[in-house]
Amino acid sequence: MSINEATSWQPKIIVFACNWCSYAAADLAGLNHLDYPAEVRIIRTPCSGRMDPLLVMRALSRGADGVLLSG
Amino acid sequence: MVAVAQHPNIELMTYSEVVKVTGYIGNFTATIKKKAKYVDWDLCTGCGTCWEKCPSKKIKDEFELDMSNRTSIHKLFPQAVPGKPRIDAANCTKLISGKCGICEKLCPTKAIRFDDQDELVDVEVGAMVMATGYDLIDWENRYGEYGYGKYPDVITSLQFERLVSAGGPTTGRIKRPSDGKEPKKVAFIKCVGSRDDSKGKSYCSRACCMYTAKHAYQVKDKIPGSEAYVFYMDVRTGGKNYEEFYQRALNAGAKYIRGRVSKIYPRGDKLILKSEDTLLGRPMEFEADLVVLATAMVPAQNSLQLAKMIGFSVDKDGWYQEAHPKLQPVETFAAGVYLAGTCQGPKDIPDSVAQASAAAVKVCGLFSKTRMAVEPMTSEVDISKCSGCQLCVPICPYNAISIKEIEERGGHGHGPFKRQVAEVNSSLCQGCGACVPACRSAALNLKGYTDEQLVAEVDALCL
Amino acid sequence: MKKRVGVFVCQCGTNIEASVDTEKVAEYAGNLPGVVYSTTYKYMCSDPGQEMIRNAVKEQQLEQVVVASCSPRMHENTFRRAVQAGGLNGYMFEMVNIREQDSWVHHDRGEATRKAMELVRMGVMKVLKNKPLQISTIPITKKALVVGGGIAGMQTALDIAEAGYPVILVEKEASIGGKMTQIDKTFPTMDCAA
């Protein structure tokens, strides 16, 4: 079985990004017109300290393929 | 300087240091240590009898960068503001061994206080401006090829400033520290510690190109028949009238050689510099009477501790970090704390003054309001759920959570009882939300980023 | 709290429109639960764009607003004020980042549009959970502390003092003046440093 590149499956990644650093960094990636997979979804948090492990569990149980915590 | 001392709105606290800061924008409490001066400045008239008669006369004068001596009781420099002396306790015979006390006997206003102690005072302020400045890099510990500071005639630019200053140890005559002779050939080396990843700092210190041009000009101007050679990597004259000033130094006869000096060693009473002229592509050997190093600026001593204590960040080199490199150059990440001058990064006088005025405007803008609005996205406690476990208290990086006692009515025959619950000070709370996951009874929530809101976001993306 | 969400999708000229089909996003948003109004506009942050939000809040009796445009780090306050001017609490508003974190980083129009839709859905579901927040105020002690008495500290202290506010100037040495006092003459004018 071969995987067709054009329709290949992409993992859905939920990113929790700190407003002051990682979220700003993601904005910077935009300002520089960098490219990354569209299946990455960013949720803004006020600080990575706000992150509750239960939110990670929630994302995974609801079908996210990966969770990235950044802050 | 005098304008500062005489201004009715300015309270001067010299020989003092900030040791503790608590509070938040608009409402800081700073503890200031007034270090012991051993002289009552309210009584002292600055007449000078004490330092003229002080027998400890062989102390290296730090202000003159050890190029002359001072007494134990001394003014920092003759035009000091305030113009009053202090006793250097480490070098005072009376304070070390209990003998002497000549200054006390001779003081006409009886201002000497050998029992003086450090004093702590608390002040309430609404804003702070950091203007802690710079020091010069410890080139003696880093640059063996320039002699680790062993050769007396290899000096820094700041020492050169003292040599050309009318108020300096040589009353403005350029002399070699070793034998007091007037040098005929002076070599300047730029970027000592600047733009040097291996031994110094990666950044450009920004003022050196210009002051070295000034020094080369002063050598040509003050010593007839002299030669001034500048060894450089680049000449950076980005400032109003700066390029013109550099041309003036060139026209006065300063010679610029593009190349790094790789070694300095003495030969007789001369210094030999080994270098390369990279424009000619040729190695060269050069004989000089005096070598002046343009050493890099580094953050002032103790500036890092001060930043940590107040709670704002520094960059990789220890300079105070501005909130945004272009749009918030005088703000820090701590609200109500602003930056002025070289504590934020190397800069010259015009830039320091401009930034200082910018910081002043930020402070005045804040003070133009009687009250200020605060971001409402702070933590809140649902006291009906709070168990008073206090786990959140040490978690809060801003010390915004405290424990208070509340009285509840009770029921089922149990009378009113007291219990402890957490309380958030919304002025101190910065809305980071670190307390929320720490709360085991889900009593804490962050307004604007509640559990409900974040779960809704996760669910929306994972549909 | 009634659910009456308005969704405003910005095209940012062609910055967003080039890789996100904003019409399609607005149409999708219009079908999300609770959404009663959705639209697009070329520059949502401009005066006519903000007026559009103000008017829609009034005319459509919106209770919640979602703006899909640039990063909230850019214009969150702009839109919060517009929502407020329309008569809503400014915190009944969420911003969705479909420029820095979508149109500028993904160049497949189909994928970027689909992502924009999901992000708008996220914004709508969040804003439905929002509660009005009140801005509180704190008093200000009108006195400044300047740490360091060199040229920068002195200038700051003088400027603040001249504006009429008291200043405490702390200097670790026994005299103010800093490094300037050790310098002879200064470039480019060669005047004295003291």
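Quick note on labels: first sequence line is chain A, next is B, and so on, each numbered from 1. Note that the structure is predicted; figures quoted are calculated from it, not measured.
Counting heavy-atom pairs closer than 4.5 Å to chain C, the top-ranked of the candidates Lys34(B), Lys369(B), Lys37(B), Lys75(B) is Lys369(B). The candidate from Lys131(C), Glu118(C), Glu173(C) with the greatest count of non-hydrogen atom pairs under 4.5 Å with chain B is Glu173(C). Listed options Gly164(C), Gly178(C), Ala161(C) were ranked by heavy-atom pairs under 4.5 angstrom with chain B; first place goes to Ala161(C). For chain C, the option among Tyr134(B), Tyr211(B), Trp41(B) with the highest count of heavy-atom pairs below 4.5 Å is Tyr134(B). If you tally non-hydrogen atom pairs under 4.5 Å between each of Arg162(B), Glu124(B), Glu375(B), Arg248(B) and chain C, the highest count goes to Arg162(B). Counting heavy-atom pairs under 4.5 Å between each of Gln218(B), Glu64(B), Lys240(B), Lys33(B) and chain C puts Gln218(B) at the top.
Contacts between residues 45-56 of chain C and chain B, defined by a heavy-atom separation under 4.5 Å, are made by no residue at all. At a heavy-atom cut-off of under 4.5 Å, chain B is reached by no residue from residues 3-22 of chain C.
A side-chain contact (heavy atoms from CB on, under 4.5 Å) with Ile176(C) is found for exactly one of Val4(B), Leu76(B), Val2(B), namely Val4(B).
For Gln344(B), the side-chain contact (heavy atoms from CB on, under 4.5 Å) partners are Glu322(B), Leu339(B), Lys347(B), Gln355(B), not counting sequence neighbours. Residues forming a side-chain contact (heavy atoms from CB on, under 4.5 Å) with Leu133(C) (at least two apart in sequence, or on another chain): Pro376(B), Met377(B), Lys447(B), Tyr91(C).
Remark: Lys126(C) is positioned above the aromatic ring of Tyr449(B), its terminal NZ or CZ atom under 6.0 angstrom from the ring centre and at most 45 degrees off the axis. No cation-pi contact links Lys172(C) to Tyr15(B), judged by a cut-off of 6.0 Å to the six-membered ring centre and 45° from its axis.
Within the 6.0 Å centre-distance limit, the rings of Tyr242(B) and Phe187(C) are counted as a close aromatic pair.
Between Glu11(B) and Leu169(C) there is no side-chain heavy-atom pair separated by less than 4.5 Å.
Only the side chain of Ile32(B) comes within less than 4.5 Å of a heavy atom of chain C; its backbone N, CA, C and O stay farther away. Heavy atoms closer than 4.5 Å to chain C are found in the side chain of Tyr24(B), but not in its backbone. Residue contact with chain B, scored on non-hydrogen atoms closer than 4.5 Å, involves the backbone of Gln134(C) exclusively. For Asp348(B), the part lying under 4.5 angstrom from a heavy atom of chain C is the side chain only. There is no contact between Gln159(B) and chain C, counting heavy-atom distances below 4.5 Å.
Salt bridge annotation for Asp184(C)-Lys214(B): absent, with no cationic side-chain nitrogen under 4.0 angstrom from a carboxylate oxygen.
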- Item | Phe63(B) vs Thr181(C), side-chain contact (heavy atoms from CB on, under 4.5 Å): CA-CA, chis, key distance, verdict | CA-CA 9 Å; Phe63(B) 185 82; Thr181(C) 56; 3.3 Å; yes
